[in-house]
Protein chains: 4
Amino acid sequence: MSKGRRGRPRSEAVHLAILRATLSLLLESGYSAVSMDKVAALAGVATQTVYRRWPSKGPLVAEAVMHAYEQSDFTLPDTGDTFADLRTWMRMLAEVGSTAENAALIRSLVAAAAEDLHDRDTLSAQLTGRFHDAVAERLRSGVSAGQIREDAAINAAADALIGATLYHLLSVTSSAQETEELYMAVIEVVARGISK
Amino acid sequence: MSKGRRGRPRSEAVHLAILRATLSLLLESGYSAVSMDKVAALAGVATQTVYRRWPSKGPLVAEAVMHAYEQSDFTLPDTGDTFADLRTWMRMLAEVGSTAENAALIRSLVAAAAEDLHDRDTLSAQLTGRFHDAVAERLRSGVSAGQIREDAAINAAADALIGATLYHLLSVTSSAQETEELYMAVIEVVARGISK
Amino acid sequence: MSKGRRGRPRSEAVHLAILRATLSLLLESGYSAVSMDKVAALAGVATQTVYRRWPSKGPLVAEAVMHAYEQSDFTLPDTGDTFADLRTWMRMLAEVGSTAENAALIRSLVAAAAEDLHDRDTLSAQLTGRFHDAVAERLRSGVSAGQIREDAAINAAADALIGATLYHLLSVTSSAQETEELYMAVIEVVARGISK
Amino acid sequence: MSKGRRGRPRSEAVHLAILRATLSLLLESGYSAVSMDKVAALAGVATQTVYRRWPSKGPLVAEAVMHAYEQSDFTLPDTGDTFADLRTWMRMLAEVGSTAENAALIRSLVAAAAEDLHDRDTLSAQLTGRFHDAVAERLRSGVSAGQIREDAAINAAADALIGATLYHLLSVTSSAQETEELYMAVIEVVARGISK
DNA sequence: CCCTAAGCGAGACGGTACGTCACGTCTTCCT
DNA sequence: AGGAAGACGTGACGTACCGTCTCGCTTAGGG
């Protein structure tokens, strides 16, 4: 028997205002500049209202970043040519990651995950995990298509691709072109390592 | 006229006490639990004394972590067989990273780097950067030895290896054995991708 | 034209539950520990339901305390001997005031009155005021009976008696016996001051 | 061996600023309007600085009020005529208590004392207690002078005088003249009660 | 039998205050 | 000078209350 909703329902507008405020602070000055107080103030909301929905900074930042990419489509294309598709996709990643804003957001997620063990699983599973799975999926489809060896270590290959991307994003600030060149080189190494 | 040292010289004991206190807090409760106040208190030292030597938490944590691994030798062996050497080395990495303490330290560094853009270069350059360079160096030596193709993208391969390692460390908590298996699979992919 | 009561009538049970909850908090931890939220929670009632009946903490506490003494009879006896009656009555006061619970309740009222000028008149008029009037009344009856001088300052005498009582209650914690001795001494002074 | 003062000494200016801010808030809007935050803000001081010196509102208000009367001399005159001296002194009390400001300060003290049992002893002992003792002292001197009976209950008389004063202050707002008349009547009753 | 009005529990909401912790600076004394 | 001690302004933390509000549900009239 459904108990039904009791009490005043949570305002959707408030939810959005908080996420928008968080994003704004994140983009302006980075993860460490985000504070529950500032978020609340900027969202025109009481501190308690933020805490009522998110227990701490980590999950809030996580949801805010996810929210920012909600519309984005990070699915890999499937034209039949696995490695060409990978190249297309990672070119897009390179482009996305080359804007300061996007890089800052990703780094924020990593900061949140690294800071609090508790948040880590949620965060990585939801963000980088989705990327990893998408890549692995496409690679498996490449196996079926006969372009990749049956005994290739799909997960290891996906780890190498996603790992290299993440590592590069965290380590240096480089131009979109340099980044793209590096990604293409990584793909080449991995492709040669798993193709028939 | 020799300028010499004026005034009371800085105590080496104090330096060590602060580093030890920092490490201890880091291991106990992670990066966010480290505070200059607590470090000073635990080291039996005045706050000012900490600030006199490190401008903020980031560099202090960095030095403390580096100090912890100062004795450790992360150079790759060179037995002549490049890929066997890589395997040996990454087996060691897997082992090191599988203890909770070491994993916590690495994550602390990443948190520091991701949180503060200013600290990023210092931190990653000094830690992961050294690993990356060591691997790249060994791979180049493998090129000379005729085990690796001359046109292989050495940096990309190193990025893939170090990146996969870092990504794995940040994403999941897994047993030493699982970690080792994954690393071996990654090496296999990369090795096949760059070997002659 | 009788307007009549429209809508659901206020529940008497709720009223009592709130008063009981307030008293309970008052006795447990004093005036400052009473909060509308806690009262509502303890009474198993919605916050709004409390506010619908009392505008703020002051009047609520006042009514709760009054409610506690509703049954009690604080009228002075009239056996014909004015001062003997006063002694009897103040012996009872001493006894009542010597239990921690009762002392706490009285102090609560004083706190409410002292804190908020707005509540003061209500509170003191209803509680200490009633005592003062009862004493003054009995003294006037003593005048008629020829035991007290016609030109005696009845109000001043009542102020002295009630004032000394209140002052003692607020200042120190003393045993019932000590309190009683003091009260008897006060009566003696006042009695000698106003008797024929 | 004296350990000596270590560290930066507490600023006297800060101490005074806080007391002045507290007094100002007290006079403006009463005890309940005083908050540690507002006091700090008004004093141009950090919240923490207030907490470093006073654990809570009660003692702070207490010290602020005491500070306000520090210069005042509440000793009873001793001209030889005990009851004339009492009258002189209570006329002064009536005048002091008839200004809204002073009445508010006294009520603040009572509120602080009534609210927190812990503060009570300190407060009443230091404020009303001093008055009580002063009166009792003067009465005893009246005994020596042969104006008061040897077996008179000095403490009870003092309680009656101070109690009536306090009770009147807490109960009603009245003009200086009405107050003075009442006090004179109280003195007359008590005087007649204890004189030879 | 629906209709309107009010009571009621639940809980969201904007505020204000709480008391604590951390940051980085400053002041004092001692070595 | 270095160093220990600790005050200080700033500002975030997470919690507690305040008094108001918005829900859905109940309990009474009145048409």
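Each chain gets a letter, A, B and so on, in the order its sequence line appears, and its residues count up from 1. What's counted below: heavy atoms across the whole structure, side chains too, no hydrogens, waters or symmetry copies.
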Review point. Within the pair D/S35 and E/dT16, is there a side-chain N or O less than 4.0 Å away from OP1 or OP2?
Key: no
Point to revise | Separation of atom OH in B/Y51 from atom P in E/dT27, rounded to whole Å | key: 17 Å
**Study point:** Residue closer to the 5' end of DNA chain F, B/G44 versus A/P55 (nearest nucleotide)
**Key:** B/G44
Practice item. Sort out for me which residue in C/L42, C/L19, C/V39, C/V34 forms a side chain to side chain contact (heavy atoms under 4.5 Å, CB included) with C/S24. Key: C/L42
Exercise for review: State whether A/R10 places a side-chain N or O below 4.0 Å from either non-bridging phosphate oxygen (OP1 or OP2) of E/dA10.
Suggested key: no
Practice item. Tell me, with the steps shown, if C/L23 and C/V61 meet side chain to side chain contact (heavy atoms under 4.5 Å, CB included). Key: CA-CA 8 Å; C/L23 258 183; C/V61 165; over 6 Å; no
Practice item. When you get a sec, tell me which of F/dC13, E/dT27, E/dC8 is the closest nucleotide to the side chain of D/R8? Key: E/dT27
Exercise for review: Could you go through the side chain to side chain donor-acceptor pair (under 3.5 Å) check for C/R10 and C/H15 one step at a time?
Suggested key: CA-CA 8 Å; C/R10 292 192 177 175; C/H15 202 88; over 6 Å; no
Review point. For B/D37 and F/dA12, what is the distance between atoms CG and C1' respectively, to the nearest whole Å?
Key: 14 Å
Point to revise | Toward the 5' end of DNA chain E, by each residue's nearest nucleotide, C/A43 or A/V45 | key: C/A43
Study note, to complete from the structure: Assert: residue with more 5' nearest nucleotide on DNA chain F, out of C/A33 and B/A46, is B/A46
**Study point:** Donor-acceptor pair, side chain of C/K38 and main chain of C/A33, under 3.5 angstrom
**Key:** yes
Check your understanding: Between C/T47 and F/dT20, is there a side-chain N or O to OP1/OP2 distance below 4.0 Å?
Key -> no
Check your understanding: Reckon C/T49 has a side-chain N or O less than 4.0 Å from the OP1 or OP2 of E/dG7?
Key -> no
Check your understanding: Once you round it to whole Å, what is the distance between P of F/dA7 and NE2 of D/H15?
Key -> 14 Å
Check your understanding: Within less than 4.0 Å of OP1 or OP2 of E/dG7, is there a side-chain N or O belonging to C/S11?
Key -> no
Review point. To the nearest Å, how far apart are B/R53 CZ and E/dG24 P?
Key: 17 Å
Review point. Can you tell me how far P of E/dA17 sits from CG of D/L42, to the nearest Å?
Key: 12 Å
Check your understanding: Does D/T49 use its side chain to pair, donor to acceptor, with the backbone of D/V45 at less than 3.5 Å?
Key -> no
Review point. Taking only N and O in the side chain of D/K38, is any of them less than 4.0 Å away from OP1 or OP2 of E/dA17?
Key: yes
Review point. A/M36 side chain: which of E/dG9, F/dC8, F/dC13 is closest?
Key: F/dC13
**Study point:** E/dA6 OP1/OP2 closer than 4.0 Å to side-chain N/O of C/R6
**Key:** no
Exercise for review: Tell me whether the OP1 or OP2 atom of F/dT20 has a side-chain N or O from C/R52 closer than 4.0 Å.
Suggested key: no
Check your understanding: So, is C/S56 close to the F/dC18 phosphate, meaning a side-chain N or O under 4.0 Å from OP1 or OP2?
Key -> no
Check your understanding: When only distance counts, do a donor and an acceptor, one from the side chain of C/Q48 and one from the base of F/dC21, lie under 3.5 Å apart?
Key -> yes
